[in-house]
Structures are given as C-alpha cells and as structure tokens.
Amino acid sequence: MPVSALDRRTALFGMGVSLALAGCGSGSGRSGQSRTLVIGRAQDNRNLDPAFEASLTDGSVMELAYERLIREKMEHGLPSGGFEGVLAERWEADPTGRIWTFHMRRDHKFDDGSPVTAQAFDFSYRRALKLQPALAANFFWLERYDVVDDYTLRFVLQQPFPIFLNFLAVSGVFVNPAVKAHALKSDEGAAWLSENTAGSGPYRVERWERGQQLVMVANPHHPQRPRYFDRIVFRFIREPNARRLELEKGRIDICESIGAEDVVHFEKLKGVKLFNEAGPSLIFVDINNRHPLLSDVRLRRALDLAVDHAGLVNTIMHGHAAALTGPIPQGMPGYDPALTASQRNVAAARALLAEAGHPKLNLTLTYIQGSVATNAAVLMLQSNFADIGVDLTLEPMAPSAAMSKIMGGEYELAMNNFVPAFADPWLVLFPLYFSKNAGAGGNTVHYSNTAVDALLLKAQSEADTSMRMALYQKAQRLIVADTPRIFLFSTNGLLAYREDIVGLEYSAWRPLVYNVTTMTRETAG
C-alpha cells in the first residue's frame, strides 16, 4: 500500500494484525503466449500458515490455495451483501437466527486427492486455537459447532450475530488434516505450513524461493477445470521502476504496489491497462493513548489540527485517495455523512498545547520506510507539527521490530494502515476501538471509552440494520471527539496489467486477490 507501515486484514482464522513487508529480487519471467501468469510484487511473503495472521501478500497466496464454506458476491467491484457457496452447497438458519446448518459439496478435494469433509474444519479450527489461543476472542459469538456427519456442519451462536455470514466468508479455511504428518513435536505442522500449502483451493504452492519468487501450480483435483493458467509466479521486485520496466517489456503480466506518484507513468505505457478505483484501505497515524502525555485528549486534538489533510491527499497522493472523516470510509455501510474532514488550524492547535501545559513537545513517529509516498508523508507531518511547536523525530524501523514496538504499546506515534476484509463497520470499529482488544487484538492505540464499548456491544447483536447503523454512527462521533488517532485518507486501489490478460475481476475491496481460475490470455492473431 502506498503509505503503509502496518497493514491489517482478517486472518484466515480470526482478526490478524500484520506488517506490510518489503520484498526484493526477481525470478523467472514469461515468454510468448505462456499459460503462466506472472505477478510482480514489492513484498515478499512472511508466513503461509493459515493459523497465523496474514499480510496482504500472504493472504493473496492463501486465497488461491485454501477454501472456505462461503464467499461474498461482488457486483461491479463492490461487496454486494449476498453470499454464494464454495465448499457449502446450501445452508439454512433456524427462526431464532442462532442455529446455522451448512451442507457441504462432495466434489472438492485437497491437493493430495483426499476429500474435504466437515472433520477438516474441526481439525483446522482446533489447530488454529492451539497455535493462537488469542483467536478465540474473535469467535465470541460461537457457542459451539457440531460435525453432524462427514458433509454437514452446524454452528450454534451465543446470540444472533448479524454479520455471521460475512465473518464466515473471510475466516475458517479448511486445512488438510494430513498436515499432521509434517508436525515437529507439538508445532502442529506449523514449520512446514509456514512455506507450504495444504488446502483444497485451485492452486497450491510448488516452491518458494525467499526474496526471489513464489510459484504456484494447479491443484489437479479441484472441480473447477479446465483453467487457462496452470502456473502462477509471484516475482518479488522491490524497486517500483524495475517493476514498471518488467511490465512494459512483457516479462510480468500484473504489477502491484503502484505508488500514487507513478500513476502518470503507467498511464503512458502501451499495451498496459490501469486499475484505479476508490477503496477502503485506511491510512492514519496511531497515537498511543496510554502514553503519559498523549493520554490527554487536548494534545491528540492539537496534533490532528496541525495536519494538512488536504495537502496529503492532493500533494502526496496526487488525488488518488479520499480524506477520512472518521473511522469508517465513504462507501461502507455505517458511514456518517455528518462528519467532515479535519481542517488545519495552527492557532487552535497551539492554544490546545498551551492549555495542556505543553507549548513545546518532542515526539517520535515510528514507521516502515518504504515507498516515495510514505517518505513524503512523514516529512510533511514533521513539517506540520513543527509549525505548532512539536519537534517530531522520524524513526524508520524494520517490519518485525516495528510490529513488536507497536503491539507492545511502546511507541508514541506510528504510521498505520487498515484494510477491512468485508464491508461492515463492525470489522473496523470492534477490533480497532473496543477496549479489550488493546494491543495485539487490533486496538493498537490502546483506546478506551466505556460509552463506545457499550455501543459496540449493543450493535453487534442488533438485528435491525438501520438501528445497528445508528449505533455505529453514535460510536463514531464519540471516537472522533476523542481523537485516538489521526485519520488521514483512504487510498485508491491501484493495479497495472498487460492488456492481453482477459477476465481480470479486480476490486479495491479485495486487494491482491485474483480470480485466476476464470482469467485467460488473449492469443496473438
């Protein structure tokens, strides 16, 4: 992502928190009318085990290698709110909305040819919780699930949960129980699965050359056949100019991680198409709310008032972004049109600092040095803060070190990025602002407001959609007033690809997720 220090998505078995990593190097290209799809990306993968939180690059591979019971339908690149079966053939709920029964298809097989059964869900769920006990908090709505028979699963919810299907569509992948053969002591096969896959998706990982490329090949047992592309190569090419050159020369088919400043260059390339649509990738500055000084809301508001929000969108992002007015981006249900983007007011910011007794302040901004936009954004923030008497030290860090510091609440300010996996305010508000999720649970700013907590708890069990959205809007207004973080902007989804790639259905709401099984290449002549 253009200004990302942290990227979050829903992990495959729960809410994951992960850093956007930087990759480098290159591998094999393509030639002629190859049935190999080559994707150039800036970030190397980190861990391919579905039990652990996933970066966007990890999730991109897992989406092709693993399957869930259902998925949300997309319409014109946007989530539709409807669902279709993947491993599930059909499903129904009882009148109370608490008991859901899923009847599974019988023609899906893991990549070793063994059938995908309800027992595989039981294995996968138990395995994930054993390796990551904290994930249990994300299934607070689940009273229990029952393996009724080989192809029937029943979920009994603690209470009606309005977004149960949304949640199921992005969590709970099926891992082949045969992975137990690769277990080392009590690791449940984690070491092996960190760089291999054992799913029922249309592709599986053939090999991963760290820092160079990751190669996937077709799962011969998958029911969706024939497929045009029998091989996918993810090439890790760190430098933006190098990725653009490889695309121009036809050595890669798809180019990821396009900076807003590079859009004009891609628009001029012959034989190349550019995807540029508004999306929900949220960029903000985390403020450590439990810091002795920053726990004062006056200081947090002063920092927000110092920022040139419009300048960041227009100058740094070249207009390929939209200013955030609060936690929920425009286009997502629950968005509050009454909220407006912050306007820079140096005098008001200085007055708040003086009122709080800190007319001069020294703070540190932690971030992962990466794209041109990232570097430009932190320099603009440094200049903005200087105007109100805040001396901002820039602290670029390696991804793992930054994650440790931010998750542990040992930072002051940090660049942060959140990518919601589905279009519902619960996914933004509950993990990022519910007090009990402080730290690794997603609430990295350590924000706590009992009134917000109460609204979020009430909303997640409210069956009436309009009432639920009203509760979320009330929560948003309290959050904005508390200024737990500085809301900057939501970035456009940017992707460039060769024009001979046919049938690419990309969405800014599903970053780095590809419908490879239905894509083809236009043959010469």
Side-chain angles (χ1 to χ4, degrees), residues 9-14 16 18 21 23 27 43-69 86-87 104 107-136 138-139 145 147 150-151 153 170-223 230-234 236 400 516:
R9 58 181 288 123
T10 299
L12 301 183
F13 248 107
S18 55
L21 309 179
Q43 304 171 354
D44 198 349
N45 291 82
R46 182 164 54 91
N47 189 327
L48 302 182
D49 189 337
F52 295 90
E53 64 254 19
S55 68
L56 289 177
T57 51
D58 291 341
S60 178
V61 172
M62 294 186 211
E63 286 287 340
L64 292 164
Y66 294 95
E67 294 180 310
R68 305 177 181 87
L69 286 168
V86 180
L87 292 174
M104 294 174 56
D107 58 346
H108 283 245
K109 299 181 185 299
F110 289 110
D111 58 24
D112 65 354
S114 58
V116 181
T117 64
Q119 287 84 354
F121 177 89
D122 181 54
F123 165 79
S124 304
Y125 182 82
R126 292 176 184 274
R127 176 182 180 275
L129 291 189
K130 181 176 180 180
L131 294 172
Q132 293 261 66
L135 294 179
N138 300 312
F139 289 85
Y145 66 87
V147 176
D150 288 351
Y151 294 96
L153 274 168
V170 297
S171 63
V173 302
F174 284 59
V175 177
N176 191 343
V179 75
K180 290 182 289 187
H182 299 284
L184 300 175
K185 295 183 178 179
S186 60
D187 83 335
E188 299 289 322
W192 188 84
L193 271 184
S194 68
E195 53 188 26
N196 295 280
T197 52
S200 60
Y203 295 88
R204 64 175 179 82
V205 169
E206 182 182 63
R207 68 181 186 278
W208 177 13
E209 301 163 20
R210 289 184 181 269
Q212 298 294 319
Q213 63 181 5
L214 184 146
V215 180
M216 303 188 77
V217 295
N219 170 7
H221 307 287
H222 194 272
D230 51 26
R231 183 177 296 265
I232 308 167
V233 177
F234 292 97
F236 309 127
S400 59
V516 184

- Provide the closest heavy-atom pair for Val205 versus Thr197 in the form atom of the first, atom of the second, distance. N-OG1, 2.9 Å
- Between CG on residue Asp187 and CH2 on residue Trp192, distance to nearest 0.5 Å: 12.0 Å
- Item | Nearest-0.5 Å distance that lies between atom CZ in Arg210 and atom CZ in Arg46 | 10.5 Å
- Task: Give a yes or no answer on whether the side chain of Asp44 reaches the backbone of Gly211 with a donor-acceptor pair at less than 3.5 Å.
- Result: yes
- Query: Hey, does Ser200 have a side-chain heavy atom less than 4.5 Å from the side chain of Leu87?
  - Reply: yes
- Checking Asn176 side chain against Phe110 main chain: does a donor-acceptor pair fall under 3.5 Å? no
- Query: Do Arg207 and Gln213 pass the side-chain contact (heavy atoms from CB on, under 4.5 Å) test, and can you show the C-alpha distance, the side-chain angles, and the key distance before you say yes or no?
  - Reply: CA-CA 8 Å; Arg207 68 181 186 278; Gln213 63 181 5; 3.4 Å; yes
- Query: Is there a side-chain contact between Phe52 and Gln132, using heavy atoms and a 4.5 Å cut-off?
  - Reply: yes
- Task: Check whether any side-chain heavy atom of Lys130 lies under 4.5 Å from a side-chain heavy atom of Glu188, and answer yes or no.
- Result: yes
- Task: Working to the nearest 0.5 Å, report the span between CD of Gln43 and CG of Leu56.
- Result: 7.0 Å
- Item | Sub-4.5 Å side-chain heavy-atom contact between Arg204 and Val217 | yes
- Task: Evaluate the ring planes of Tyr125 and Phe139, with Trp represented by its six-membered ring, and classify them as parallel (under 30°), tilted (30 to 60°) or perpendicular (over 60°).
- Result: perpendicular
- Is the closest side-chain heavy-atom distance between Val516 and Ile232 below 4.5 Å? yes
- Note on the structure: In short, Asp49 meets Ala190 closest at the heavy-atom pair OD2-CA, 3.4 Å
- Looking at Ala128 and Ala51, what are the two nearest heavy atoms and their distance? CA-CB, 3.9 Å
- Answer whether the closest heavy-atom distance between the side chains of Trp208 and Glu195 falls below 4.5 Å. yes
- Point-to-point distance, once rounded to the nearest 0.5 Å, from CG of Asp150 to OG1 of Thr117: 6.0 Å
- Within a strict 4.5 Å, meaning less than it, do heavy atoms of the Arg231 and Glu206 side chains meet? yes
- Point-to-point distance, once rounded to the nearest 0.5 Å, from NZ of Lys109 to NE2 of His222: 12.0 Å
- Task: Answer whether the closest heavy-atom distance between the side chains of Val175 and Tyr66 falls below 4.5 Å.
- Result: yes
- Message: If only side-chain N and O atoms count, and only distance matters, is there a donor-acceptor pair under 3.5 Å linking Tyr203 with Asp111?
- Response: no
- Heavy atoms only: give me the nearest Gly201-Asn219 pair and the separation to one decimal. O-ND2, 3.0 Å
- Query: Is there a donor-acceptor pair closer than 3.5 Å between any side-chain N or O of Asn196 and the backbone N or O of Leu193?
  - Reply: no
- Item | Flag for Asn47-Asp58: side-chain donor and acceptor within less than 3.5 Å | no
- Message: If you compare all heavy atoms of Leu69 against all heavy atoms of Met104, which two are closest, and at what distance to 0.1 Å?
- Response: CD2-CG, 4.0 Å
- If you measure from CE on Met216 to CZ on Phe234, what distance do you get to the nearest 0.5 Å? 6.5 Å
- Let me see the working for Asp122 and Tyr145 under side-chain contact (heavy atoms from CB on, under 4.5 Å), right down to the final yes or no. CA-CA 9 Å; Asp122 181 54; Tyr145 66 87; 2.5 Å; yes
